[in-house]
Trainee: 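Have a look at this one.
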Amino acid sequence: MKYAFIDYENVNTLDIDGINLCEYARIFLFVGAADNQNYVMLPSNIDNMLNISLIKVHKIAKNNLDFHIAYFLGRLDVTVNKDVEFHVLSYDRGYEGLCEFISSQPNGRRCRLLLARQLANIQPLLENKGQEGEATQAEAVSKPSISISVPMDKSCQEFFHKYRNIIKKTKDKSHLPTNRQALRNHIIATTGMKYLQGHKAEEYTQAIMKYLGALKALSFDGEEVIWDLGQHYEAVDRYQTFKTGLLSRKVVRRPKTKKALTNEIRSLVQNNEKQTLFILQQLKNDQIIENLTEGEVKYLR
């Protein structure tokens, strides 16, 4: 039996790659005080009853939601049978120490931080290369794929690409919005969404903010927006662009050899070898291609 503790302020979605919520006997969903959404969307593949407890944090303060999760972990660790496994769903690696502490107690239970572990091995792909630009043996080991699952229709995707270009063209990143409300207003004003009817502008704005969070381009500390548009964001962003374009083409129109595929990626990333290796690895992790040889590329989807 397993319980899930979801840091919704951090993951921003319940539709998480590799996570089946139906496997959990109980789900504790922690929503931050700054999250003013009126609803939480469940994944479309849910076909069973879910036992969800919603814990709304009412005061905005640094790490306040994290402390609430820590409190529930400790309280339930005392009251719940030790056979129940605890899973914390968050990209915040700050929970690792707490999970390890709970697991290491006499007669301790298994307590795991899941999502941060999925992303932990991505950064080395951007930092390490073997001799002559080839991937090292460590990089060749299969790694978990990036988890980005924010539903967007075609119109929303177009608005997202508009805003992404606005971010790229902003030379002084300190001019980007620094609080949640300013970010919302900036997205609506600069993309033309203010002309949309009904609730579409708000719906699309929330989706764009969540997608930027999933790309690790930004994070929220209460109402504050913290931007991180470094090498990691650029690589993930370029991977998503390349993957979308590749899958939109019929297999017969895709690169047929490793050399052709690599050259197409290099063209996108402007001959950045680290990002080229990163994208090749992620295509394998996402099971889009099989392990590459010097010959023909085999596409799995």
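This is a predicted model, so every value here is computed, not measured.
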Trainee: Hey, are Glu23 and Lys2 close enough for a salt bridge, meaning a charged N less than 4.0 Å from a carboxylate O?
Mentor: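 Lys2 and Glu23: salt-bridged.
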Trainee: Would you kindly confirm whether Met1 and Ile102 end up in one hydrophobic cluster when ILVMFWY residues are joined by side chain heavy atoms under 4.5 Å apart?
Mentor: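 Both belong to a single hydrophobic cluster.
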Trainee: Applying salt bridge (charged side-chain N to carboxylate O under 4.0 Å, His left out) to Arg112 and Glu85, what does each step give before you reach the verdict?
Mentor: CA-CA 8 Å; Arg112 302 170 61 200; Glu85 186 173 333; 3.7 Å; yes
Trainee: Determine whether Pro255 and Leu246 make a side-chain contact, defined as any pair of heavy atoms from C-beta on separated by less than 4.5 Å.
Mentor: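 With C-beta onward as the side chain, the pair touches.
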Trainee: Are Val251 and Ile289 connected in a single hydrophobic cluster, I mean Ile/Leu/Val/Met/Phe/Trp/Tyr linked by side-chain heavy atoms less than 4.5 Å apart?
Mentor: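 Same cluster.
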Trainee: Side chains of Thr262 and Thr276: closer than 4.5 Å at any heavy-atom pair?
Mentor: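 Heavy-atom side-chain distance check passes, below 4.5 Å.
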Trainee: Mind checking whether Phe72 and Phe30 have ring centres under 6.0 Å apart?
Mentor: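 Yes, the ring of Phe72 comes within the 6.0 Å limit of the ring of Phe30, centre to centre.
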Trainee: Evaluate the side-chain proximity of Leu280 to Ile265: yes if any heavy-atom separation is below 4.5 Å, no if none is.
Mentor: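 Contact flag for Ile265/Leu280 side chains = yes.
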Trainee: Please report the closest heavy-atom contact between Met193 and Ala201, naming both atoms and the distance.
Mentor: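 Looking at all heavy atoms of both residues, the closest pair is O-CB, 3.5 Å.
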Trainee: Check step by step if side-chain contact (heavy atoms from CB on, under 4.5 Å) holds for Phe220 and Ile226.
Mentor: CA-CA 6 Å; Phe220 295 101; Ile226 302 169; over 6 Å; no
Trainee: To the nearest 0.5 Å, tell me how far Leu183 CG sits from Gln181 CD.
Mentor: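 Answer for the CG-CD pair, Leu183 versus Gln181, is 9.5 Å.
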Trainee: Hey, are the side chains of Arg254 and Glu264 touching, using non-hydrogen atoms and a 4.5 Å cut-off?
Mentor: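 When only atoms from C-beta onward are counted, Glu264 and Arg254 do not touch, as no gap falls below 4.5 Å.
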Trainee: Would you please say whether a donor-acceptor pair under 3.5 Å links the side chains of Ser53 and Arg26?
Mentor: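 Side-chain D/A pair, Ser53 to Arg26: present.
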Trainee: Tell me whether Tyr71 is reachable from Leu113 by hopping between hydrophobic residues (I, L, V, M, F, W, Y) whose side-chain heavy atoms are closer than 4.5 Å.
Mentor: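 Leu113 clusters together with Tyr71.
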Trainee: Side chain of Arg109, backbone of Asn81: donor and acceptor closer than 3.5 Å?
Mentor: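 A pair under 3.5 Å: yes.
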Trainee: Go through it in stages, so that I can follow the logic: the residues are Lys256 and Val297, the test is side-chain contact (heavy atoms from CB on, under 4.5 Å), and I'd like the CA-CA distance, side-chain angles, deciding distance and then a yes or no.
Mentor: CA-CA 5 Å; Lys256 295 179 174 58; Val297 176; over 6 Å; no
Trainee: Could you measure the distance from the CZ atom of Arg180 to the CG atom of Asn185? Nearest 0.5 Å is fine.
Mentor: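 With rounding to 0.5 Å, CZ (Arg180) is 13.0 Å from CG (Asn185).
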Trainee: Could you check whether Glu290 pairs with Lys284 (Lys NZ or Arg NE/NH1/NH2 to Asp/Glu carboxylate O, under 4.0 Å)?
Mentor: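 Between Lys284 and Glu290 there is no salt bridge, as every charged N stays at least 4.0 Å from the carboxylate O atoms.
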Trainee: Could you check whether any side-chain N or O of Asp221 sits under 3.5 Å from a backbone N or O of Glu224, counting only pairs where one atom can act as donor and the other as acceptor?
Mentor: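 Between the backbone of Glu224 and the side chain of Asp221 there is no qualifying donor-acceptor contact (under 3.5 Å).
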Trainee: Let me confirm one number: the SG-CD1 distance from Cys156 to Ile208, rounded to the nearest 0.5 Å.
Mentor: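 One gets 5.0 Å once the value is rounded to the nearest 0.5 Å.
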Trainee: Under 3.5 Å, is there a donor-acceptor pair between the side chain of Asn263 and the main chain of Lys259?
Mentor: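 It does hold such a pair.
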Trainee: Please report whether the ring centroid of Tyr3 lies less than 6.0 Å from that of Tyr24.
Mentor: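 No, they do not, as the ring centres are separated by 6.0 Å or more.
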Trainee: Could you tell me whether the side chain of Tyr239 reaches within less than 4.5 Å of the side chain of Leu283, counting heavy atoms only?
Mentor: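 The answer is yes; the side chains approach within 4.5 Å.
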Trainee: When you group the ILVMFWY residues by side-chain heavy-atom contacts below 4.5 Å and let the links chain together, are Ile188 and Ile166 in the same group?
Mentor: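 In one cluster with Ile166: Ile188, yes.
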Trainee: Got a second to check how far Lys162's NZ is from Thr190's OG1, nearest 0.5 Å?
Mentor: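 Output value for this atom pair is 9.5 Å.
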Trainee: So, Ser103 side chain and Arg110 main chain: donor-acceptor pair closer than 3.5 Å or not?
Mentor: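 Checked: no pair found.
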Trainee: Is any side-chain heavy atom of Tyr163 less than 4.5 Å from a side-chain heavy atom of Leu212?
Mentor: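 In contact.
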Trainee: Is any side-chain heavy atom of Thr241 closer than 4.5 Å to a side-chain heavy atom of Arg164?
Mentor: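 Counting from C-beta outward, Thr241 and Arg164 do come under 4.5 Å.
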Trainee: Is it true that Arg184 and Glu202 have a side-chain N and a carboxylate O under 4.0 angstrom from each other?
Mentor: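 Yes, charged N to carboxylate O under 4.0 Å.
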Trainee: Hey, does the side chain of Trp227 reach the backbone of Ser174 with a donor-acceptor pair shorter than 3.5 angstrom?
Mentor: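 No; judged by distance alone, with no hydrogens or angles, the pair does not exist.
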Trainee: Let me confirm one number: the CD1-CD1 distance from Ile69 to Ile6, rounded to the nearest 0.5 Å.
Mentor: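 Between atom CD1 of Ile69 and atom CD1 of Ile6 there are 9.5 Å.
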Trainee: So which atom in His68 and which in Asn64 form the shortest heavy-atom distance, rounded to 0.1 Å?
Mentor: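 So the minimum-distance heavy-atom pair works out to ND1-O, 2.8 Å.
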Trainee: Quick check: does any side chain N or O of Lys82 sit under 3.5 Å from a backbone N or O of Val78, one acting as donor and the other as acceptor?
Mentor: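 Pair absent, no side-chain N/O of Lys82 close to backbone of Val78.
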Trainee: Any chance you could measure Lys200, atom NZ, to Phe159, atom CZ, to the nearest 0.5 Å?
Mentor: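 With rounding to 0.5 Å, NZ (Lys200) is 10.5 Å from CZ (Phe159).
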Trainee: Is any side-chain N of the basic residue among Glu273 and Arg266 closer than 4.0 Å to the acidic one's carboxylate O?
Mentor: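 The answer is yes: the pair qualifies as a salt bridge.
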Trainee: Could you check, using the six-membered ring where one of them is a Trp, whether Phe5 and Phe86 have ring centers closer than 6.0 angstrom?
Mentor: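 Judged by ring-centre distance (under 6.0 Å), Phe5 and Phe86 do meet the cut-off.
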Trainee: Are any of the side-chain heavy atoms of Asp7 and Leu65 separated by less than 4.5 Å?
Mentor: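 Touching, per the 4.5 Å side-chain cut-off.
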Trainee: Does the side chain of Asp66 pick up a donor-acceptor pair with the side chain of Tyr95 at under 3.5 Å?
Mentor: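 Yes.
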Trainee: Decide side-chain contact (heavy atoms from CB on, under 4.5 Å) for Phe101 and Gln105; before the verdict, give the C-alpha distance in whole Å, the side-chain angles of both, and the deciding distance to 0.1 Å.
Mentor: CA-CA 7 Å; Phe101 179 79; Gln105 295 305 297; 3.2 Å; yes
Trainee: Side chains of Arg253 and Ser248: is there a donor and an acceptor less than 3.5 Å apart?
Mentor: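 Their side chains do not contain a donor-acceptor pair, so the 3.5 Å distance test is not met.
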Trainee: Run Leu50 and Cys22 through side-chain contact (heavy atoms from CB on, under 4.5 Å) and show every step you take.
Mentor: CA-CA 7 Å; Leu50 296 179; Cys22 295; 4.3 Å; yes
Trainee: Applying a strict under-4.5 Å side-chain criterion to I, L, V, M, F, W and Y, I'd like to know whether Ile55 and Phe67 cluster together.
Mentor: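 No; tracing contacts between hydrophobic side chains, which count when under 4.5 Å, never links both residues.
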